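As the structure is a computational prediction, the values presented were derived from the model and not from experiment. Proteins come first, then strands; the chains are lettered A, B, ... in the order of their sequence lines, and each starts at number 1.
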2 protein chains.
Amino acid sequence: MRIVLSNVKLMINENVYLKDPESSALGKKILNESILLIKEIGFEAFTFKKLGQRIESNESSIYRYFENKHKLLVYLTSWYWSWMEYRLVFETANLTDPKDRLNKTIALFTEETKDDESTEHINEALLQQIIISDFTKTLLTKEVDEENRNGFFVIYKRVIHRIAGIIKEVNSSYPYPDSLASTIVEGALHQHFLKQHLTSITNCSDEISPSDFYLDLINKVLN
Amino acid sequence: MRIVLSNVKLMINENVYLKDPESSALGKKILNESILLIKEIGFEAFTFKKLGQRIESNESSIYRYFENKHKLLVYLTSWYWSWMEYRLVFETANLTDPKDRLNKTIALFTEETKDDESTEHINEALLQQIIISDFTKTLLTKEVDEENRNGFFVIYKRVIHRIAGIIKEVNSSYPYPDSLASTIVEGALHQHFLKQHLTSITNCSDEISPSDFYLDLINKVLN
DNA sequence: CATTTTTAAAAGTATTACTATTATTTTTGC
DNA sequence: GCAAAAATAATAGTAATACTTTTAAAAATG
């Protein structure tokens, strides 16, 4: 199923950016090329100076959009979860059986993503790779409580709550729906990472996907 | 059950350090105080200069033990997993029923740690807090493949394999023992973090522990 | 006690993560 | 179509980081 996103603007918390990057050509270039550059050299080595060189623009111009690279990463991850939320709502809309809805949901959040061609300035497949390697780092900081208060993670939290809600529809007496949802979403990212880099401690491979593992898991846990 | 570690030296891969920190008083001070300082200001803000000031020693002296702070963190995390492996072997040694062994194991890896008084230069409870916030960062780098080849993560991987082995004893036909083990160990760290900072997306609290959640989960998955 | 090793102190370098200033270009509103 | 405002580019500068190097002093060891 192809999603039409052309007319939808994903809303990202305003505290994350100084100037909305979706409001200008340079801003979109920043999003687009930062994904490529972070994927290429890793988030730790990524700097605004290097990004500036790459987009043939100035370091200081990028600073007018984002205070620092951490906030740019929070922006990109928020965009990703917002896009996933949209897909979740869209792709489960016509499913009435809670079990179908749950299986579809788990598949969506544990599968590898293909690029969605309806957004030209974001390569979703590459963005998912960045989410796998770097999303957790946006949370694991000394500033997490303050940033959480400032709404940096609202979209992610909303996504987890939606999934927890679907879990409850299937089994309303299960006592840990939020923990199960957060464990699966975060765990799926981790299994993708292990599949790519630490293959010996996962059963996921070209034949077995994280989806297989988590679909099996959730059905056993909820029945 | 109290563990006697006085006579045991946990072996850490030699590629991680330049000089064995357990071989000198300064080295032990580096381990001891780095745990306190990382906990205090966070790993990102932690520098060898600050650590040097704190232990009233010189920055350059610390560089003779560890090439950089990342390797110091890999050392600390390896030490932690080595200690956990020791506890795992010790505490399951006299259990013959596979189910008992598994439950004990899951409890061990999902519970909050109390300081083990038998090692004076490491505060295990604080170290666990660092593991919760920072262990994943040691893996999520651009250099993970090279460091993995150099044996930086052998202890962690061995721990996961041990747990996977115990899972297989309980249910030899379960198809994803390694993924289940890695999901639980890593997921438990994540649930502890959520419990502390993003309480709305976990059911873990003062009343419900990550152990409750994962013990329930593993028994449902394997039966 | 002489040699080696370890540690400390100081200085130096390249890079990072910004900020500030000024100039130029682009956009917009009348 | 032009003046004003806003955005961008270029340059320079700063404080901190993440080291390396050198030299000297202290401690350990054979």
Evaluate the criterion side-chain hydrogen bond (donor to acceptor under 3.5 Å, both in side chains) for residue pair E22(B) and W79(B); output intermediate values, then yes/no. CA-CA 11 Å; E22(B) 304 239 29; W79(B) 195 98; 3.1 Å; yes
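- Between R162(A) and E85(A), at least one side-chain nitrogen of the basic residue sits less than 4.0 Å from a carboxylate oxygen of the acidic one, meeting the salt-bridge criterion.
- Taking 4.0 Å as the cut-off between side-chain N and carboxylate O, K29(B) and E33(B) do not count as a salt-bridged pair.
- Within the 4.0 angstrom heavy-atom criterion, base atoms lie near Y63(A).
- In summary, the aromatic rings of F135(B) and W81(B) are positioned with their centroids under 6.0 Å apart.
- Salt bridge status for E59(A) with K49(A): absent, with no side-chain N to carboxylate O gap under 4.0 Å.
- Computed from coordinates, the E67(B) CD to dC19(D) P distance equals 8 Å when rounded to whole Å.
- The CZ atom of F66(B) sits 16 Å away from the P atom of dA18(D) (whole-angstrom rounding).
- In this structure, F48(B) and F46(B) have perpendicular ring planes: the angle between them is above 60°, well past the 30° mark.
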At under 4.0 Å between heavy atoms, which parts of nucleotides 8-13 of chain D does protein reach? Answer with one letter per nucleotide, 5' to 3': B base, S sugar-phosphate only, - none. BBBB--
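- Chain A approaches DNA chain C over the interval dT16(C) to dA20(C), counting the first and last nucleotide 5' to 3' with an atom under 4.0 Å from its heavy atoms.
- K71(B) has its NZ atom 10 Å from the P atom of dC19(D), to the nearest Å.
- Of the side-chain N and O atoms in K50(B), one or more sit less than 4.0 angstrom from OP1 or OP2 of dT17(D).
- E44(B) has its CD atom 15 Å from the C1' atom of dA18(D), to the nearest Å.
- Using a 4.0 Å cut-off between a side-chain N of Lys or Arg and a carboxylate O of Asp or Glu, K137(A) and E44(A) qualify as a salt bridge.
- We find that CG of L18(A) is positioned 15 Å from C1' of dA6(D), with the value rounded to whole Å.
- The pair E40(B)-R54(B) counts as a salt bridge, with a side-chain nitrogen and a carboxylate oxygen less than 4.0 angstrom apart.
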